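Accompanying notes for the structure given below.
None of these values were measured; they are calculated from a predicted model. Only heavy atoms go into these numbers, but all of them, side chains included; no hydrogens, no water, no symmetry mates.
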Amino acid sequence: MFEDLPPMVGYAATARLRTDDPPIAGGCYHDHSEWWNSILQVPPPRIVVLQDTGNPPGVGAFVGNMHAAILKALGCVGYVTNGAVRELPSVRELGLHLFAGSVSVSHAYAHLFDFGCTVEIDDLEVQPRALLHGHRHGLMTVPKNIAPQIPAVAAKLRETEQRVIDFCGSNEFSVNKLRQVMKELV
């Protein structure tokens, strides 16, 4: 939701959410201490990933400014859902990344359940404690076994791409020479 924030990396604290049914008794749900404690079982930095199982998802938004403040206090750097979010300006000020299916004016009713389960956000399956990387173009899971190699590979890729970009902006550019530059990259 906030394209200008830097990329985020963290471990998934997963659960399911439903916002389309009112509570069986009482007016709303405020005590989520069991869920908050489950978040703290995931190593920091944490990214909360809630699959909205409502039909349709996103009838209401669970995370707005209050829950964003709670998540930040719990060591979370981001929130991911196929459902809705709200109160974007104040959440933006907190610096919490938001990846969501929609924006809603209302919080509706939040039923949280299945803490620490495998969830699916659109077509992305997220295991509990999965390593996630997100930025302005989307979110992905990162295999933990290759994570230590990523900085070196990313630096090499940036260097390679910059070489092509620089060549394309030079007076030496031609399709034949571009073909040669591309061959040298392999």
Side-chain angles (χ1 to χ4, degrees), residues 1-21 23 28-144 147:
M1 294 290 177
F2 310 123
E3 293 183 0
D4 59 325
L5 287 182
M8 71 169 186
V9 175
Y11 296 96
T14 61
R16 290 198 172 90
L17 164 76
R18 196 175 65 247
T19 60
D20 55 350
D21 289 325
C28 58
Y29 300 101
H30 289 290
D31 183 2
H32 297 296
S33 56
E34 186 180 344
W35 176 60
W36 299 327
N37 283 321
S38 77
I39 292 171
L40 292 175
Q41 300 307 306
V42 174
R46 302 173 180 103
I47 299 172
V48 168
V49 184
L50 294 184
Q51 178 182 353
D52 189 334
T53 63
N55 188 13
V59 169
F62 177 64
V63 170
N65 60 352
M66 182 184 78
H67 280 101
I70 292 169
L71 295 179
K72 288 290 286 188
L74 293 172
C76 298
V77 296
Y79 173 71
V80 178
T81 184
N82 60 320
V85 292
R86 63 191 181 98
E87 299 173 331
L88 300 183
S90 55
V91 175
R92 167 69 181 87
E93 285 181 28
L94 290 169
L96 184 75
H97 287 267
L98 295 179
F99 292 82
S102 62
V103 177
S104 175
V105 69
S106 174
H107 58 76
Y109 299 103
H111 302 269
L112 293 164
F113 55 99
D114 291 343
F115 312 141
C117 68
T118 299
V119 297
E120 189 171 314
I121 305 299
D122 296 321
D123 291 329
L124 180 66
E125 183 180 280
V126 179
Q127 301 285 330
R129 297 175 175 246
L131 183 59
L132 300 175
H133 175 260
H135 55 74
R136 68 179 4 184
H137 300 295
L139 181 78
M140 63 189 298
T141 57
V142 178
K144 291 178 188 174

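Ile70 contributes atom CD1, which lies 11.5 Å from atom CG of Leu96 (distance to the nearest 0.5 angstrom). Rounding to the nearest 0.5 Å gives a distance of 12.0 Å between NE2 of His97 and CG of Leu132. Atom CG of Leu71 sits about 11.5 Å away from atom CD1 of Ile47, to the nearest 0.5 Å. Between the CZ atom of Phe99 and the CE atom of Met1 there is a distance of 9.5 Å, given to the nearest 0.5 Å. Separation of atoms NE2 (His67) and CZ (Arg86) is listed at 8.5 Å; rounding is to 0.5 Å. Note: Leu50 CG to Thr53 OG1 = 10.5 Å, rounded to the nearest 0.5 Å.
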Evaluate the side-chain contact (heavy atoms from CB on, under 4.5 Å) criterion for residues Thr141 and Leu131: first the C-alpha distance (whole Å), next the side-chain angles of each, then the deciding distance (0.1 Å), finally the verdict.
-> CA-CA 6 Å; Thr141 57; Leu131 183 59; over 6 Å; no
Could you go through the side-chain contact (heavy atoms from CB on, under 4.5 Å) check for Val85 and Tyr79 one step at a time?
-> CA-CA 9 Å; Val85 292; Tyr79 173 71; 3.7 Å; yes
Please lay out, stage by stage, how Leu88 and Phe2 fare under the test side-chain contact (heavy atoms from CB on, under 4.5 Å).
-> CA-CA 9 Å; Leu88 300 183; Phe2 310 123; 4.1 Å; yes
Test Arg129 against Gln41 for side-chain contact (heavy atoms from CB on, under 4.5 Å), laying out the working first.
-> CA-CA 9 Å; Arg129 297 175 175 246; Gln41 300 307 306; 4.0 Å; yes
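Panel note: side chain Asp52, backbone Gly58; a donor-acceptor pair is recorded below 3.5 Å. The backbone N or O of Ile121 sits nowhere less than 3.5 Å from a side-chain atom of Gln51 that would complete a donor-acceptor pair. Side chain of Ser104 to backbone of Gly60: no donor-acceptor contact under 3.5 angstrom is found. One N or O on the side chain of Thr14 and one on the backbone of Cys117 form a donor-acceptor pair closer than 3.5 Å. The backbone N or O of Lys72 sits nowhere less than 3.5 Å from a side-chain atom of Arg46 that would complete a donor-acceptor pair.
Using the six-membered ring where Trp is involved, Trp35 and Phe62 have ring planes that are perpendicular, over 60° apart on the 30 and 60° scheme.
Residues that satisfy the salt bridge (Lys or Arg N to Asp or Glu O under 4.0 Å) test with Asp4, not counting sequence neighbours, are Arg92.
Evaluation of the side-chain hydrogen bond (donor to acceptor under 3.5 Å, both in side chains) test over residues 113-125, restricted to residues two or more places apart or in two chains, returns Arg16-Asp114, Thr118-Gln127, Glu125-Gln127.
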